[in-house]
Every structure is written in C-alpha cells, then in structure tokens.
Amino acid sequence: MRLLFERDLTPHPQYAAYYKWLQSAAEDGGYGADAVVHMGMHGTVEWLPGTPLGNTGLSWSDALLGSMPNVYVYAANNPSESIVAKRRGYGTIVSHNVPPYGRAGLYRQTAELRELLSDYREDPETNADALRGPIFDLVTSAGLDADCPYVDAATGERARVTSESLEKGDVTVTNEAFSEYASELYAYLGVLENRLFSEGLHVLGAAPTRETSAAYLEAYFGERLSAEAVDAVAGMGESDGVDDVRAALERALKLPPPADAAAAADAALEEAVEIRSLLRRNVEELSGMLTVLNGEYLPPAVGGDLLRDGPGVLPTGRNIHALDPYRMPSPAATDRGARVAAAILEQHAAANAGAFPETVSVNLWGLDAIKTKGESVAIVLALVGARVVKEGTGRVVRYELVPLSEMPGGRPRVDVLCNMSGIFRDSFANVVALLDDLFQRAADAPEESAEQNFIKKHATEMRSEGVENAGARLFSNPPGDYGSMVNERVGTGEWEDGRELGDTWAARNAFSYGKGDEKGAARPEVLQALLRSTERVVQEIDSVEYGLTDIQEYYANTGALVAAANAAKEGLPEETTDANGRKRFPRKKVACSVVETFGEDVAPRDLEETLRLEYRTKLLNPRWADAMADQGSGGAYEISQRMTALVGWGATSGFAEDWVFDGANERYVRDEAMREKLRKANPQAFRNVLRRMLEAAGRGMWNADEETLAELKQLYAEADDELEGVKTQA
C-alpha cells in the first residue's frame, strides 16, 4: 500500500504491468479489454500519485487506465470517495445498497444482568439484599463498571463493588443508592440493546427479503411505525399500494388506528410503502451495470444514507453525485453543528472544572461533510464564533466573525486545528479558502484580548518565536497524497509505541492549505504548536455501517491525532494558571469527543465509551458475528479487519481492556464451530485474527494466560502451515 500512496514512489512493476496488459490489444500480447469494472469501495488506481483536481498524462491513474471505460460499482452512502473515482479514475458510478440494519440485543452477561434487574424492579424492597451482590458482580465481569460506575454519594468517588466487598463490609450501598444505580444501569442496557449495526453484507442486485425489508424499515422509522405496520409493509405484494397495506393492517389489528393518530400513521405508512417499493428495485444494480457496459446513459441520483437522508437516496443502481460545495454548511447543518459544538464545550467544561479548551482539533472528512451537508464545518464555525454570509443566489461567500458580545455565555473564541482528509481538501477548495480567511482575520482581530480569543493568543505566541503564517489552521497530506500511513504501519506491525505512530501522522499532515498560494506548504512548526495546545479532538461518525471499530481510517487519523497531540505535550509543565486565575493542566491527556450524526441525539461520547459500546454491540455480539461469518470469505475478512483495528486503537489511543480480547477469543477461537467456519471460508483472515490476538498479548494490551497463549500459538502455526501447503502428521 505504501508503494501506491506515497507521492514520491511509483506503483510497483507488476501493478502497472497488469493495467497496461488490460489496455493493450490482443495482437500486441495484451488482453484488449473493452472496459474495466471495479467492484466495491474502493480500489487503488484512482488514489495513485498525480494532480488532485485534473489528471494529466503524468498522473498515474491516467497512464494506467488510458481510454478504457471504467465502470465502478460503489456504495450508495459514500458519494465523497466516489467523487475521486470519477475525477481521477474516470469512473461511471453504479451505486449499490448498504447491508440491512439490525438491533444489537443483549447476550451472555448483559442478558443475565437485565433479567436480574427486572427481578429487582418487580419488588425492590424484597429483592434488594439478595440481588445487590450478583448484580454488581455481573457489572464487573461484563466490563460495564467503566461506563456505568457506582459513585459513592458520600465521597463523590467511583467505587468498585462486588458481592465479596459487600459481605466484608468494605463498602456500603444503601437501598436508595442502589435503586438509583439500578435505574441508570437498566437505561444503559436499553442503549446497548437498541443500538443499530449492519447485519451481514449486501448482495449486489438482490431484492431484499421480507425479513431484510423489515430490518430497513424498523431502523428507519423506529417508534414512528408499529411492529405490525412494519411487518405488513415488508410483506406487501409487488402490486400492492398504501390502501392494500392499510386494509391488511386493519384486518390484522381488527380495528383501525385511533383517530388522533391516524394522520401521522398514514404519513408514515405511505413513506414506508414508498421505501419498500424502492428497495425492491435493488435489482437495478445489475441492470445499471449492464446499461453502462452497453455504452448507454445511466440516470444520476444523489448519494447518501437512508437513515439520515431518507428515501431520496433510493433506488440504487444509479450514477451518484454529492452536493453543491458553495452552499456549505446548509442551514440545517449550521443549526446542528452549533448544538454539537455547545455540547462538546459543555462536556469539556464538566470534566475540567468549568474551563473551556484553548484548542480543539476537528476532523474534516469529505464523506461526512457531504452526507451532513457540512456539519463538521459548522462545528468549526461555532467553536470559533462565526456565521455564514451568503450572496443573493444563496452561495456562501464569507464566514464572518460574530462580535465577542454575542458569544454564547460570554465564552472566548476557541482555537481549532482542522485536520482535513485528502478528499475534503480536494473537493471543497472554496470552503478551505473561506475557513483560512476566517482564521487569519481571527488571528489579527483588533480590540480582542488573548483571554477572549485563543486563536489570536496562539498566533501571537508563534509570531514571537519567528513562526511564519501563524494563522494557518487547515492541515492535510501533501498535494496529491492521501492517508496518514498509520494503518499501513499497524497492518505490517512495523511500530514500537504510540508516539512513533503519532509522529507518522504528524509528518504526513504537516501541510497547510488556504487561500492564495497556500496550497500544501510544509508548516510542521505551526502544527506542533497547535498540537501542544490541543485539549480535545472531535470526530463525527456519519454511518451505522461504519463506526470507529469497523474501518482502519478512524484509528489511523483520530487515534493517531490523539497520539500526536499527547506526544507534542511532552516537556510541558504539569500545571499552570491562566490570566483568569484558573488552573490549567498542559500535560493532561488529550480527550476525544465522538458525535454520531445519523441520529437525532447530538450528545458527544468520550472515545473510550464509544469503543466499549461498539465492541459490545458488534465484534463481541453473537448476532453480528454470526451474520458476518455466514457471508463466507467476505464476512471473515470483515471480522479480521476489526481485529486489526482493535490493535490499532490500542496502539494509538492506549485502549486496552482485557474483557474485549477475552470476548473475541471466546467468540472466534474457542468456539470450535465459528473457528472452523472462518478457517474454511478465508484462512488468511482467520490467521490474521490469531495474529492480532498474539500481537496484543505481546505488546501488553491483553493479559492472556499462558494456556490461552499456547493454544493461540498452536492454532497460528497450523494456520500458517495450511497456507504454506505444509501437511503435518497426526
């Protein structure tokens, strides 16, 4: 992968030769391809070194694809990266649907814990003494004490409670305190149980079954549509309409819905019938592909996510596009971004004795910017204290600083380090220029003190040290380059500690962008200064399908950014006092806020909490694991990738909790049926699962016992022999 993405290196000869062989005519010894089809998100040819916004004959993607028509089957919910496939790979996109959604449910300790809590809630006074200890024991064994800690009311400190400590009298939990804690615990189990995830993989061109249709509908409507209505719509015939479904529903319920709910129910039912009909047209994914191969016109459609963007993203099998970058952020994104920023500042202040952060690092990714119509940009504007200015046509022409007197609660302007993905950098050059203009004006804002304008404060400090362009705040990879390379290093195991990976991220993202000639100038001194003052990192998640634990890019960017900021703080004093007399802790570990943009809730979660939530509901969840394993080689690969990401998060953020690795070992190795299913479906993926567990133990992320390690080593040796074709005698 490094050979593909490093701008100073060429693709290796075998790679280049394959594409040239496809291009060359049969009489010249080539294949003579009439067209090339790239399947799935995403290939590599469009990411090769070259000009970012318009290929020339010196761009590798142009040289290797030549004049071959490029048909690109791509996920409908990723219009961002599909733009690169169009712009640099000359691709005609044929979109495909995302996998059906499922609810995580509860299993093992969490299911048992919910039963105990239900028993307790039936008669708290009678059951408290008998169930208090077992409930606390299950909380500990399930690893829930980190997210649902018991806080001693007298001391305000977290207390680790077990049945043994209760019996010995080491800790006392009153009935009133336990009742309150049991309610919090029950609510958290509800969050776990109802969390959405992608269940399995999508089959190209296959119409959804009744069950998968119901899964899409239930995830989209939630409580807005009853289970009976979801089932009726999912089971409707191809020629059925709203009236037919309504009649079937009323027959099943034996009476019509209440009059006061009829209007809302009818609107939801009509939308559900529309979505069900559109989902049936998944078959157009294959016909759309044939249309393009025939040289015919494929209709365009907006790309997006059903849960967030609604039925307008259906049907699939279309040539998807994104949004108008000159209208970013949209009014809705501006409102939501402001609420997210307020919630992040409130979260930070609560954890830091009321102090606001001086610098927040916000990840600006093309994918979530397109899906959310600019929410991440709106978060930046809200933190800085700025608003959108439009011309008569509705195009955004300026981001204007709001007066300090209008800042919410009289708070200061927060400095923002914007870490841009290569796609955001290339796709939204106008937004980059407007943001740079905003930061430069904020850095020189007249009559604003350093205490009320942290951008100005930091720029002044940098200028005093002779740093050029101290107002630069938008950083990315070198021009024409993509990726932090951190995931490549984690993948190969070529790293020693988190600082090393943070340094890799910083070296790859030290290039400043903005208005005028600021098109990738190397400014590592500005980046390091901003990293030293960074107190919190912000990452949006735009999709149920891909969360923090699902793909390598999150730990390779968000996790590595946290590692880089922590490394930059080495040598700073432990404690200082600001101009307002408030204590600050420059070397305090950088916090990370994760915001899920596919739901209504804008409340941020801490990184560690989000990771635990995802591991419980996906990687360790038997429902998710079985759905993936049932997909054969592709599903086994997805499981394998998540094990690599687990190590990646440990490497970059320090997340290392035994219960996650213990659960993964039990789910994918100790379970003989699952182990054999993975081994037969994809032996390379199964070997990687074993490799990552052994690596985690070797690097101190997992305290595995000797028996477990011996078993893993034996299985790894057998898997390695199998792949090498070595047969061992029984």
Side-chain angles (χ1 to χ4, degrees), residues 102 104-116 134 137-148 162 189 192-193 195 197 199-200 547 549-550 608 611-631 635-650 655-683 685-719:
L106 300 176
Y107 56 93
R108 295 188 64 236
Q109 294 109 318
T110 54
E112 187 178 349
L113 181 58
R114 212 255 302 267
E115 288 183 14
L116 289 183
D137 287 343
L138 273 175
V139 167
T140 302
S141 65
L144 291 170
D145 45 350
D147 295 317
C148 292
T162 63
L189 291 179
L192 287 179
E193 183 177 21
R195 190 169 173 83
F197 63 80
E199 194 164 15
T549 62
D550 297 316
E608 292 78 8
L611 290 173
R612 285 190 288 265
L613 191 62
E614 288 204 13
Y615 285 129
R616 285 194 182 100
T617 54
K618 287 191 271 194
L619 184 67
L620 306 185
N621 188 343
R623 181 174 176 181
W624 182 91
D626 290 339
M628 276 298 177
D630 288 343
Q631 298 296 320
Y637 171 79
E638 294 292 336
I639 292 168
S640 166
Q641 288 293 93
R642 284 155 178 80
M643 289 302 301
T644 301
L646 177 56
V647 172
W649 279 114
F655 180 85
E657 299 188 6
D658 285 344
W659 64 271
V660 181
F661 289 100
D662 290 338
N665 181 48
E666 184 175 339
R667 178 74 56 223
Y668 301 108
V669 180
R670 288 284 177 87
D671 184 327
E672 186 175 352
M674 174 65 77
R675 183 174 72 222
E676 286 304 300
K677 183 180 288 188
L678 296 179
R679 186 186 63 79
K680 291 178 180 178
N682 190 330
F686 178 63
R687 181 178 62 175
N688 187 63
V689 170
L690 299 170
R691 174 191 173 188
R692 298 308 171 184
M693 289 183 179
L694 289 169
E695 181 181 6
R699 293 185 184 275
M701 298 178 190
W702 178 30
N703 296 306
D705 58 59
E706 291 301 322
E707 181 182 348
T708 296
L709 290 176
E711 180 184 15
L712 289 171
K713 289 175 182 177
Q714 177 63 33
L715 288 169
Y716 184 84
E718 292 173 1

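Residue numbers start at 1 and run along the sequence shown. Bear in mind that the values here come from a model prediction, so they are computed numbers and not experimental data.
Side-chain N or O atoms of Asp550 include one that pairs as donor or acceptor with a backbone N or O of Gly547 at under 3.5 Å. The backbone N or O of Ala664 sits nowhere less than 3.5 Å from a side-chain atom of Tyr615 that would complete a donor-acceptor pair. In this structure a side-chain-to-backbone donor-acceptor pair under 3.5 Å is present from Asn688 to Ser640. Judged by distance alone, with hydrogens and angles left aside, the side-chain atoms of Tyr668 form no donor-acceptor pair with the main-chain N or O of Leu690 at under 3.5 Å. In this structure a side-chain-to-backbone donor-acceptor pair under 3.5 Å is missing from Arg667 to Met674.
The shortest side-chain heavy-atom distance between Arg691 and Thr644 does not fall under the 4.5 Å cut-off. Side chains of Thr708 and Met693 form no contact here, defined as non-hydrogen atoms less than 4.5 Å apart. Side-chain contact check for Met701 versus Phe661: some heavy-atom pair is nearer than 4.5 Å. For the pair Leu189 and Leu144, the minimum side-chain heavy-atom distance is below 4.5 Å. A heavy-atom distance below 4.5 Å is not found between the side chains of Trp624 and Thr617. Under the 4.5 Å side-chain criterion, counting only non-hydrogen atoms from C-beta, Arg675 is in contact with Leu715. Taking 4.5 Å as the limit, some side-chain heavy atom of Asn665 sits within range of a side-chain heavy atom of Leu712.
Atom CG of residue Asp147 and atom CG of residue Leu611 lie 10.0 Å apart, to the nearest 0.5 angstrom.
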Query - Full working for salt bridge (Lys or Arg N to Asp or Glu O under 4.0 Å) between Arg642 and Glu638 - result: CA-CA 6 Å; Arg642 284 155 178 80; Glu638 294 292 336; 2.7 Å; yes
Report task. For Arg612 and Trp659, run side-chain contact (heavy atoms from CB on, under 4.5 Å): C-alpha distance rounded to whole Å, both residues' side-chain angles, the deciding distance at 0.1 Å, then the answer. Result -> CA-CA 10 Å; Arg612 285 190 288 265; Trp659 64 271; 3.6 Å; yes
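Asn621 and Ala104 get closest at one heavy-atom pair: ND2-O, 2.7 Å.
Glu718 and Arg679 are not joined by a salt bridge, as no carboxylate oxygen comes within less than 4.0 angstrom of a charged side-chain nitrogen. Contact check on Lys618 versus Glu614 returns a salt bridge, with a Lys/Arg side-chain nitrogen under 4.0 Å from an Asp/Glu carboxylate oxygen.
Other residues, nucleotides and ligands place no more than 12 heavy atoms under 6.0 Å from the OH atom of Tyr637.
Under a cutoff of 6.0 Å and an axis angle of 45°, Arg692 and Trp702 do not form a cation-pi pair.
Taking the side-chain contact (heavy atoms from CB on, under 4.5 Å) definition, one finds that Leu613 meets it with Tyr188, Val191, Leu192, Arg195, Arg605, sequence neighbours left out. Checked against side-chain contact (heavy atoms from CB on, under 4.5 Å), Asp145 has the following partners two or more places apart in sequence or in another chain: Val139, Thr140, Arg160. For Phe686, the ring pair (Phe, Tyr, Trp, His ring centres under 6.0 Å) test picks out no residue, with sequence neighbours left out.
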